[in-house]
Amino acid sequence: MDYKNILFEEKKSIAIVTINRPEKLNALNYQTMVELKDVFEKIKNSETVKVVIITGAGEKAFVAGADISELNKLDVVSGKEFAEFGQAVFTGIEKLGKPVIAAVNGFALGGGCELSLACTIRLASENAKFGQPEVNLGIIPGYGGTQRLARLINSGRALEYILTGNMMNAEEAYRIGLVNHVYTQENLLEEAEKLAMKIISKGQVAIKMSLNAVNSVDELSENEGLNYEASLFAVCCGTEDFKEGTSAFLEKRKPEFKS
Ligand code: COA
């Protein structure tokens, strides 16, 4: 598929996906969502990509939301399809099986905030602004925001943002745990790449199993979760990486993981 609204680059096992409609603040129209679905399917099946970074083109926006000129045409039937399609694309990102780092370089509003929420780790530039302003349009978040924001920052805080449409700056997003780190806009991508390289340097089976275990936390009871953790731990114990990692420690050298 030829992409019109996203850029895709692969370097050193990192896939960098850039939403590229800066003149519309990278708003997610249908075409962009189809392209995102396609690129993340490719990344899932790629044997070389180990970590993904997603960001927005330009200096102003990560993604300023779903494209309001398309939203405006929805009715009850197409509205349901619209939300279900967006949710499926974002759940595909959340369950990719590879870490996805959101490098939030400006406005992350509505669907843009929801896109960042579906990512594994969020990093922000100092000028980033998060928000779920859907109430201003007479709708609610429909790409997973009501669920993921409430889980991440607690329902009281999430409801304040969802009910008022207020924006939150990077400092506040950091304070409440929505983003892991805040960097200057200039350094954001470089820091995201450093984080990606650090993850890539580890045994990749352990990375995958860590994602599986932590991602199950909202789906399983504590007992089920602990059982699942023990099973995934056991899988790791059967790998070459495990032998290499533990031997390297005991031999006082750096491990060389093969996976
Ligand atoms: N959908 C479609 N177009 C959008 C958009 C969106 N979500 N967000 C921004 N744009 C477009 C604007 O219409 C404008 O296009 P134009 O130049 O053809 O008129 C362009 O992007 C630049 O945006 P503009 O509003 O002029 O920039 P600003 O700096 O004055 O304001 C925002 C920035 C983010 C505050 C403002 O664009 C905004 O409120 N966007 C909508 C956010 C939103 O409600 N998102 C949730 C949707 S569910």
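Remember, it's a predicted structure, so these values are computed and weren't measured experimentally. Atoms within a ligand are numbered from 1 in the order they appear, just like the ligands themselves.
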Next on the checklist: Using side-chain contact (heavy atoms from CB on, under 4.5 Å), reason through L25 and L109 one step at a time and then give a plain yes or no.
Outcome noted: CA-CA 10 Å; L25 304 188; L109 302 175; over 6 Å; no
Checklist entry - Are L152 and L211 connected, step by step, through hydrophobic side chains (Ile, Leu, Val, Met, Phe, Trp, Tyr) whose heavy atoms are closer than 4.5 Å? => result no
Next on the checklist: Just so I know, are the side chains of I6 and T32 near enough to count as touching, which here means a heavy-atom distance under 4.5 Å?
Outcome noted: yes
Checklist entry - What is the ring orientation for Y143 with F90, classed by angle as parallel under 30°, tilted 30 to 60°, or perpendicular over 60°? => result perpendicular
Checklist entry - Which atoms of ligand 1 sit under 4.0 Å from any heavy atom of L109? => result 34 (C), 42 (C)
Checklist entry - Hey, is atom 33 (C) of ligand 1 touched by any protein heavy atom at less than 4.0 Å? => result yes
Next on the checklist: Would A66 count as being in polar contact with ligand 1, using the rule that some N or O on each side must be under 3.5 angstrom apart?
Outcome noted: yes
Checklist entry - Should you measure from each heavy atom of E23, which atoms of ligand 1 turn up under 4.0 Å away? => result 20 (C), 21 (O)
Checklist entry - Hey, which atoms in ligand 1 end up nearer than 4.0 Å to a heavy atom of P133? => result 43 (C), 44 (O), 45 (N), 46 (C)
Item to check | E222 CD: over 12 foreign heavy atoms closer than 6.0 Å | outcome: no
Item to check | atom 42 (C) of ligand 1 protein-contacted (non-hydrogen atom, under 4.0 angstrom) | outcome: yes
Next on the checklist: Using ring centroids (six-membered ring only for Trp), state whether F130 and F62 fall under 6.0 Å.
Outcome noted: no
Checklist entry - Just heavy atoms, cut-off under 4.0 Å: does N136 contact ligand 1 by side chain, backbone, both, or neither? => result neither
Item to check | Test item: E35 and M1 side chains (from C-beta on) under 4.5 Å apart, heavy atoms | outcome: yes
Checklist entry - Is there at least one protein heavy-atom neighbour under 4.0 Å from atom 39 (O) of ligand 1? => result no
Checklist entry - Does I68, backbone or side chain, put an N or O under 3.5 Å from an N or O of ligand 1? => result yes
Checklist entry - Are any of the protein's heavy atoms under 4.0 angstrom from atom 2 (C) of ligand 1, yes or no? => result yes
Checklist entry - Considering only protein heavy atoms, which is closest to atom 12 (C) of ligand 1, and at what distance to one decimal place? => result K24 CD, 4.9 Å
Checklist entry - Nearest heavy-atom pair of A103 and I53: which atoms, and what distance? => result CB-CG2, 4.1 Å
Checklist entry - Does the protein put any heavy atom within less than 4.0 Å of atom 26 (O) of ligand 1? => result no
Checklist entry - Any N or O of K60 that comes nearer than 3.5 Å to an N or O of ligand 1? => result yes
Checklist outcome for this item: Filtering A27, A108, G110, A64 for the heavy atom nearest atom 45 (N) of ligand 1 leaves A64
Next on the checklist: Does the protein place a non-hydrogen atom closer than 4.0 angstrom to atom 30 (O) of ligand 1?
Outcome noted: no
Checklist entry - Can you tell if the side chain of P99 reaches within under 4.5 Å of the side chain of I121, non-hydrogen atoms only? => result no
Checklist entry - Does the protein put a heavy atom less than 4.0 Å from atom 19 (O) of ligand 1? => result no
Next on the checklist: Please list the nearest protein heavy atom to atom 23 (O) of ligand 1 with its residue and the distance rounded to 0.1 Å.
Outcome noted: L25 CD1, 3.6 Å
Next on the checklist: For the CD atom on E186, are there more than 12 heavy atoms of other groups (residues, nucleotides or ligands in this structure) within a distance under 6.0 Å?
Outcome noted: no
Checklist outcome for this item: The atoms of ligand 1 lying under 4.0 Å from a heavy atom of L71, numbered in the order shown, are 48 (S)
Item to check | salt_bridge(R175, E171) N-O dist < 4.0 Å | outcome: no
